[in-house]
Enquirer: 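Sharing a structure with you now.
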Amino acid sequence: MAKAEESKSKGKVVDLHKRVDVVATDKHPFKKDGDKLKVGVLQVDHLKSKGFIK
């Protein structure tokens with residue numbers, strides 16, 4: 001039973017300090033189309049779903 005709980009708790013380790021280079025789209029509220037940004041790795045999926053980055 002303990003092994004099953006341990007395997008469930010094991011997850012992907014994410015470095016929260018890591019930044020990724022992305023390019024803004026014309027939908028981004030603060031940047032112009034084509035501007036390069038550095039965002040946290042956890043924000044990439046959210047910003048892509050909103051259409052703010054390529």
Enquirer: What residue among Leu16, Asp15, Val20 forms side chain to side chain contact (heavy atoms under 4.5 Å, CB included) with Val41?
Expert: Val20
Enquirer: Between atom CD1 of Ile53 and atom NE2 of His46, what is the distance when rounded to the nearest 0.5 Å?
Expert: 10.0 Å
Enquirer: Holding to side chain to side chain contact (heavy atoms under 4.5 Å, CB included), I want the full list of residues that pass it with Lys31, two or more places apart in sequence or in another chain.
Expert: Ala24, His28, Asp35, Leu37
Enquirer: Suppose we screen for salt bridge (Lys or Arg N to Asp or Glu O under 4.0 Å). Which residues come up paired with Asp21, at least two apart in sequence or across chains?
Expert: Lys38
Enquirer: I want to check something: taking the side chain as every heavy atom from C-beta on, are Val39 and Leu47 in contact at a cut-off of under 4.5 Å?
Expert: yes
Enquirer: With sequence neighbours excluded, tell me which residues meet side chain to side chain contact (heavy atoms under 4.5 Å, CB included) with Asp26.
Expert: Asp33
Enquirer: Determine which pairs satisfy salt bridge (Lys or Arg N to Asp or Glu O under 4.0 Å) with at least one residue from residues 40-53, sequence neighbours left out, and list them in order.
Expert: none
Enquirer: Under a 4.5 Å side-chain heavy-atom rule over Ile, Leu, Val, Met, Phe, Trp and Tyr, are Val23 and Phe30 clustered together?
Expert: no
